[in-house]
Structures are given as structure tokens and as C-alpha cells.
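Before any comments, here is the structure.
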Amino acid sequence: MAHVVQPLDQPSSYKDSQSKKSRQEHEDALSRSSTLYVGNLSFYTTEEQIYELFSKCSTPEEGGGVRRIIMGLDNVQKTPCGFCFVEYYTHSEAVAALRYVSGTKLDERVVRCDLDLGYSEGRQYGRGKSGGQVRDEHRQDYDAGRGGWGAQAQLRREEVEARYADAERGPGAVAGGGGEWKSQETVPAPARKRARSEEEDDAPAANRTKIEP
């Protein structure tokens with residue numbers, strides 16, 4: 001059955017599109033690498049949590065250990081965006097983490113690990129158009145641990161909401177409620193005769209002032 005189960009300590013066939021190494025050079029570098037790429041992290045997972053998990057595969061008694069952790073950042077907001085690089089001192093530690101940590105849960109999320117060629121400045125930033133990772137650029141579902149909706153889905157939602165808001169505020173969006181009569185000229189009421197006072201109404205007819213024609 002050994003040929004059926006995929007080994008847990010083997011790197012994936014992924015090749016960084018920005019790497020200029022050939023496939024053979026890429027595989028040779030991975031065979032010596034002590035760096036892991038860790039993905040599917042929550043945006044809220046801290047460096048301390050990552051260190052605690054990955055240090056379980058370190059061998060300080062053999063001169064190893066976690067050398068450093070580089071958090072992946074949104075290229076625009078400079079906030080964590082769901083991935084990191086974990087550097088060990090030895091290749092064997094990285095392979096052990098690939099075998100025992102990848103597929104386990106951290107912050108209620110299944111983390112994915114892969115051997116990496118090694119960190120270089122600039123790789124800590126997301127490559128998506130909006131600044132985060134490409135996977136979150138096109139994601140259509142809502143994921144609270146990764147910022148909610150995917151970038152493009154969120155943009156479409158904002159555009160729809162803006163159109164609805166414009167429709168509610170635009171001309172003719174709401175009934176005028178008598179607006180037409182407000183624009184018409186007010187016709188003055190016809191002049192009326194002077195009303196008699198209460199004293200004149202109560203006085204006898206003989207005492208009422210007679211007005212000559």
C-alpha cells in the first residue's frame with residue numbers, strides 16, 4: 001500500500017512563477033531547504049501562535065530550532081494576509097514540520113505547509129491586485145478569518161450598494177408628496193365683505209345704523 005498513500009514529507013509540485021531556476025535546480029534547492037511556506041492562516045493568527053506550533057518540530061539539542069518567522073503582509077495595508085515563512089536551522093526540521101504540522105489546525109483552520117526555496121526581501125507581500133493574496137482576490141465565499149468576502153466579490157457588492165444608494169437619493173426616486181402644487185402660483189382668495197360684529201348682530205333692527213344708498 002506504500003505506493004497508494006502519498007508521503008507527507010514530500011514537497012508539492014508548485015514552482016514559484018517569479019523564480020528563474022530550472023525545474024531541476026528548483027528540486028535540488030528544495031532538497032536542502034530549511035524554509036517552509038505556510039498558507040491558509042487566519043488574518044488574526046499571531047507570530048507567537050505560529051512559533052509555538054512549529055517549535056514542536058525543532059531540535060535545539062542538535063543545534064536546530066526556529067530561526068525566524070516572516071509574516072505575510074497585505075501590500076497596501078501592511079497587515080497580515082494569511083501566510084508566512086518559517087525558517088528552521090536544519091533541513092530535517094523543515095521536513096519534520098512538513099510531515100507533522102501540515103494538515104493540522106491552528107486557530108480552527110487547517111494550515112498547509114510546503115518546502116520553500118528560501119525567503120528573500122519582497123516575498124512577504126501579497127501579489128493580488130488589491131494587495132492581499134491572489135487566492136483571496138478571486139474567492140467568492142465569505143470567510144471571516146480571511147477578511148470576509150474576496151476582494152473582487154466585495155468590490156461588486158460595494159458597486160451594487162452604491163447604485164442602490166444613488167437610486168434612493170436620485171431625482172424622482174421618492175414620491176414628491178405634493179411637490180407639484182408647491183411649484184404652482186398661489187391664487188389669492190377673493191376679497192370678502194366686512195363681517196358684522198357681535199354687537200351689531202345683537203342690536204335691534206331700529207337701532208342699527210342705516211346706510212344710505
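On a predicted model such as this, the values are computed, not experimentally measured, just so you know.
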**Request:** List the atom of Cys57, the atom of Ala97, and the distance in Å for their closest heavy-atom pair.
**Result:** SG-CA, 3.7 Å
**Asked** Quick one: salt bridge (Lys or Arg N to Asp or Glu O under 4.0 Å) pairs with a partner in residues 53-73, sequence neighbours left out?
**Response** Arg67-Glu87, Arg68-Glu87
**Request:** Would you please name every residue forming a ring pair (Phe, Tyr, Trp, His ring centres under 6.0 Å) with Tyr142, sequence neighbours left out?
**Result:** Trp149
**Prompt:** Counting distance only, does the side-chain N/O of Gln49 pair as donor-acceptor with the main-chain N or O of Leu106 below 3.5 Å?
**Reply:** no
**Message:** Show the nearest heavy-atom pair for residues Glu93 and Thr59, with the distance to one decimal.
**Reply:** OE2-N, 2.7 Å
**Asked** Between Val101 and Leu98, is there a shared hydrophobic cluster once you connect ILVMFWY residues whose side-chain heavy atoms come closer than 4.5 Å?
**Response** yes
**Request:** Kindly give the heavy-atom pair with the smallest separation between Ser102 and Cys113, and that separation in Å.
**Result:** OG-N, 3.1 Å
**Complete:** Residues pairing under salt bridge (Lys or Arg N to Asp or Glu O under 4.0 Å) where one sits in residues 24-49, two or more places apart or in two chains, turn out to be none
**Item:** Sequence-distant partners of Ser33, side chain to side chain contact (heavy atoms under 4.5 Å, CB included), two or more places apart
**Value:** Thr35
**Request:** For residues 109-128, pull every pair meeting salt bridge (Lys or Arg N to Asp or Glu O under 4.0 Å), keeping only residues two or more places apart or in separate chains.
**Result:** Asp16-Arg123, Asp16-Arg127, Arg109-Asp143, Asp116-Arg123
**Fill in**
side-chain contact (heavy atoms from CB on, under 4.5 Å) with Cys84: of Leu41, Leu36, Leu73, Ile70, only one passes, and it is Leu41
**Request:** Search all heavy atoms of Cys81 against all heavy atoms of Asp136 and return the closest pair with its distance.
**Result:** O-OD2, 4.1 Å
**Asked** Taking only residues at least two apart or on different chains, which pairs with a member in residues 38-78 satisfy ring-ring contact (aromatic ring centres under 6.0 Å, His included)?
**Response** none
**Reported OG1-to-CD distance for the pair Thr45 and Glu108, which is rounded to 0.5 angstrom** = 10.5 Å
**Inter- and intrachain pairs under ring-ring contact (aromatic ring centres under 6.0 Å, His included), touching residues 57-77, at least two apart** = none
**Message:** Under the rule for side-chain hydrogen bond (donor to acceptor under 3.5 Å, both in side chains), what residues qualify as partners of Ser92, not counting sequence neighbours?
**Reply:** Thr90
**Item:** Main-chain N/O of Asn75 paired with Gln77 side-chain donor or acceptor, under 3.5 Å
**Value:** no
**Prompt:** How far apart are the closest heavy atoms of Gln124 and Phe83, and which atoms are they?
**Reply:** O-CZ, 3.4 Å
**Prompt:** Could you go step by step and tell me if Ser42 and Arg146 meet the side chain to side chain contact (heavy atoms under 4.5 Å, CB included) rule?
**Reply:** CA-CA 6 Å; Ser42 166; Arg146 295 186 69 88; 6.0 Å; no
**Asked** Got a sec, which pairs hit ring-ring contact (aromatic ring centres under 6.0 Å, His included) with one end in residues 103-132, sequence neighbours left out?
**Response** Phe85-Tyr119
**Prompt:** What are the two closest non-hydrogen atoms of Ser34 and His91, and how far apart are they?
**Reply:** CB-N, 3.9 Å
**Item:** ILVMFWY cluster, Tyr89 and Val66 together (side-chain gap under 4.5 Å)
**Value:** no
**Asked** Do Tyr88 and Ile50 belong together in a cluster built from hydrophobic side chains that touch within less than 4.5 Å?
**Response** yes
**Prompt:** Do Val110 and Thr104 come close enough that some side-chain heavy atom pair is under 4.5 Å?
**Reply:** no
**Request:** With sequence neighbours excluded, tell me which residues meet side chain to side chain contact (heavy atoms under 4.5 Å, CB included) with Val76.
**Result:** Asp74
**Prompt:** Is there a side-chain contact between Val111 and Asn40, using heavy atoms and a 4.5 Å cut-off?
**Reply:** no
**Request:** Under the side-chain hydrogen bond (donor to acceptor under 3.5 Å, both in side chains) rule, collect the residues that match up with Thr79, sequence neighbours excluded.
**Result:** none
